[in-house]
Amino acid sequence: MICIDNLSVNYGGVVALNSLTLNITEDVVGLIGPNGAGKTTMTNAFSGFAPIASGKIVIDDMNLLELPAYKRARWGLARSFQKVQIVNDLRVQDHLLAVIDAKGIDRKKRVWWIDKVLDFVGIADCRDTLGAELNSYRKRMTEIAKCLIGNPKVILLDEPGGGLSESEMQHLRSIISNTKTVFGAQIIMVDHDIDLIRDVCESTAVLDFGKLIAFGPTSEVLQDEAVKVAYLGR
Amino acid sequence: MTRQFALPITVFVFSLLALPLLLSALWVKVVTSAVIFSLAAAGISVLFAQLGLINLAQVALIGLGGWVALRLNYGTAIPFTVIVFMAGTTTALIGAILALPALRMRGLYLALVTLMAAGAFQILFNAFQFPNGGSGFWGVAQQSAAEIRLPLLANSDVAYLRYTIVIVALCFCLVAMHRITAPGRAWAMIRQSEANAMAAGVNVTFYKIWAFVLSGFMAGVAGGLLSGALGQLDARSFLAADGILLFALAVVGGVYSWLGALIAGLLFKLLPAVFNNIGLSADLAMVLFGAALLHAIITAPRGIAGQLLVAFSRKSP
Ligand SMILES: Nc1ncnc2c1ncn2[C@@H]1O[C@H](COP(=O)(O)OP(=O)(O)OP(=O)(O)O)[C@@H](O)[C@H]1O
Ligand SMILES: [Mg+2]
């Protein structure tokens with residue numbers, strides 16, 4: 001269970017997150033809202049990259065905000081970025097090894113983990129490909145594969161569907177839906193694609209101007225009048 | 001895989017076996033210095049290529065390593081090779097202190113901080129000079145320098161060149177090992193973005209400091225080797241301005257490979273000597289360096305080594 005308690009983030013005068021309180025028990029939760037609503041800011045607060053003004057994020061009795069940013073990964077937090085972070089001159093395998101090194105995973109299990117996550121996201125053939133030579137879909141998949149190493153507790157995906165084709169989206173859906181069963185991680189997913197959110201997220205939270213304006217089962221939230229006004233512009 | 005090693009091994013074997021025999025006494029000394037400065041340039045390259053950090057204090061750190069080595073050489077009975085190693089580790093620790101500003105700043109600001117550190121060292125070297133066998137902690141006497149101990153197997157200039165080549169090659173291997181193991185991967189993540197690295201669990205602070213430690217180690221070993229090559233060191237050889245020049249030449253040579261560091265050392269020490277020898281002003285080398293730097297920045301970001309390696313990989317099947 002993820003408990004976000006009264007979380008506020010300020011960038012100078014901008015209130016990017018305003019006393020956000022949210023309890024998440026579902027396996028896959030969506031986070032939507034118009035541009036600048038504070039979605040990325042919330043993932044950054046989890047990761048330790050946002051200036052927290054007040055509040056807590058408690059997961060399994062652990063206040064995440066007390067850990068230094070890099071230790072959160074080892075504790076069990078994984079994330080992808082809105083802008084993919086693939087290193088051009090590093091092979092796919094080395095991206096995964098970097099995570100394996102950082103999490104202190106036993107040397108004997110390295111190959112096993114690399115095989116497992118690459119098979120799961122379906123890019124086992126690019127193990128030795130350099131980051132620069134990957135297409136945007138494979139870059140996304142490499143990012144997700146990085147997130148899965150070492151059975152994290154929570155995975156944050158910031159717009160994983162950005163720029164993917166319809167068939168690629170289909171593949172992404174199945175990956176996200178199967179993650180909990182195969183790796184045991186809870187997923188919080190930010191995306192603008194309402195179809196994707198509707199298909200894979202049991203519940204969805206809606207942010208507007210840093211405030212939570214709705215949270216509940218995805219189909220109900222998407223019917224909510226306030227949400228339609230704020231987000232769907234109807 | 002094997003082709004990757006063909007060039008470095010060929011260069012190593014040739015320079016170890018044949019090169020010392022082809023050089024006259026004067027050039028043996030010059031080439032020894034050039035190889036030593038290559039090692040320091042390799043340290044600059046690690047920081048710049050792996051993390052984009054500019055270190056203009058590398059020549060000052062060579063001086064520091066040299067000071068430590070001379071101090072230990074006159075003051076203790078520790079074997080020469082161990083002294084070189086100790087000069088490396090001491091300088092690595094000082095390098096870690098240089099890393100502290102690098103945790104907060106980069107680019108021009110960091111370059112300025114390292115330049116000021118180099119200036120401070122220049123002043124200290126001038127004030128205290130290098131030990132030459134005198135008494136007391138600073139060990140400076142108004143006399144010509146006393147003999148220093150050299151490695152047992154390297155008591156002639158030719159043997160010392162070979163000794164230098166072996167140590168420098170070992171340090172190059174150390175850098176290569178870093179690149180293909182955990183530190184290299186961590187540096188790559190940091191280079192992409194610090195947030196990306198931290199999100200993957202990389203301890204950014206540790207690996208940044210580690211890069212400075214490695215770079216400082218190589219400067220210190222270079223200083224230790226230089227003390228043995230010259231027998232005495234002069235404060236005028238470790239000017240802050242030379243730190244800027246060595247950095248520029250590391251970029252000209254190419255920061256992404258051992259070959260670039262080698263070229264940087266040769267340009268730094270060998271080219272001015274060649275110009276002197278054929279009756280041209282050594283200052284002309286500076287003009288050439290300036291042009292080469294422009295060339296590197298504008299058309300050859302991987303330096304001369306990058307261009308050579310491309311040519312090499314085209315030729316061999
Ligand atoms: N590093 C920063 N410095 C200053 N302001 C920031 C910073 N990051 C975000 N903001 C501000 O915080 C607010 C929320 O931004 P955020 O990036 O979280 O939005 P978002 O919901 O992810 O939007 P998008 O859908 O465009 O990705 C915006 O007003 C933004 O300008
Ligand atoms: Mg965003």
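Hydrogens, waters and symmetry mates are skipped; everything else that's a heavy atom, side chains included, is used. A note on names: the letters A, B, ... follow the listed sequences, proteins ahead of strands, and every chain is numbered from 1.
- Smallest separation of non-hydrogen atoms from B:A199 and A:A73: O-CB, 3.4 Å.
- Counting heavy-atom neighbours within 6.0 Å of B:M105 CE, excluding the residue itself, gives a total above 12.
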Side chain to side chain contact (heavy atoms under 4.5 Å, CB included), that's the test. Do B:R185 and A:R91 meet it? Break it down for me. CA-CA 10 Å; B:R185 292 189 283 266; A:R91 295 173 307 165; over 6 Å; no
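- The candidate with the highest count of non-hydrogen atom pairs below 4.5 Å against chain B, out of A:W75, A:F46, A:F81, is A:F81.
- Note that CE of B:M198 and CZ of A:R72 are 10.0 Å apart. Values are rounded to the nearest 0.5 Å.
- The environment of NZ in A:K180 is crowded: more than 12 heavy-atom neighbours from other residues, nucleotides or ligands sit within 6.0 Å.
- Proximity to chain B is limited to the side chain of A:L90, based on heavy atoms less than 4.5 angstrom apart.
- Within the model, atoms CG of B:N196 and NE2 of A:H95 stand 7.5 Å from one another, a figure rounded to the nearest 0.5 Å.
- For A:F209, the CZ atom is loosely surrounded, since the number of other residues' heavy atoms within 6.0 Å does not exceed 12.
- One finds the OG1 atom of B:T181 at 10.5 Å from the CG atom of A:D94 (value rounded to the nearest 0.5 Å).
- Counting non-hydrogen atoms of neighbouring residues, nucleotides and ligands closer than 6.0 angstrom, the OH atom of B:Y109 reaches no more than 12 such neighbours.
- Within 6.0 Å of atom CG in A:D61, 12 or fewer heavy atoms from other residues, nucleotides or ligands are found, so the atom counts as exposed in its surroundings.
- Contacts of A:D89 with chain B are made by side-chain atoms alone, with heavy-atom separations under 4.5 Å and no backbone atom involved.
- Contact of A:K71 with chain B is not made at all, since no heavy-atom distance falls under 4.5 Å.
- In the displayed structure, B:W210 atom CH2 is contacted under 6.0 Å by at most 12 heavy atoms of other residues, nucleotides or ligands.
- Enclosure of atom OH in A:Y137 by more than 12 non-hydrogen atoms of other residues, nucleotides or ligands within 6.0 angstrom is indicated.
- Most heavy-atom pairs under 4.5 Å with chain A, from the set B:A182, B:A195, B:A186, B:A188: that is B:A195.
- The nearest pair of heavy atoms linking B:V202 to A:Y70 is O-CB, 3.2 Å.
- The contact between A:I86 and chain B is made entirely by backbone atoms, counting heavy-atom distances below 4.5 Å.
- Between A:V84 and B:Q192, the shortest heavy-atom contact is O-NE2, 4.2 Å.
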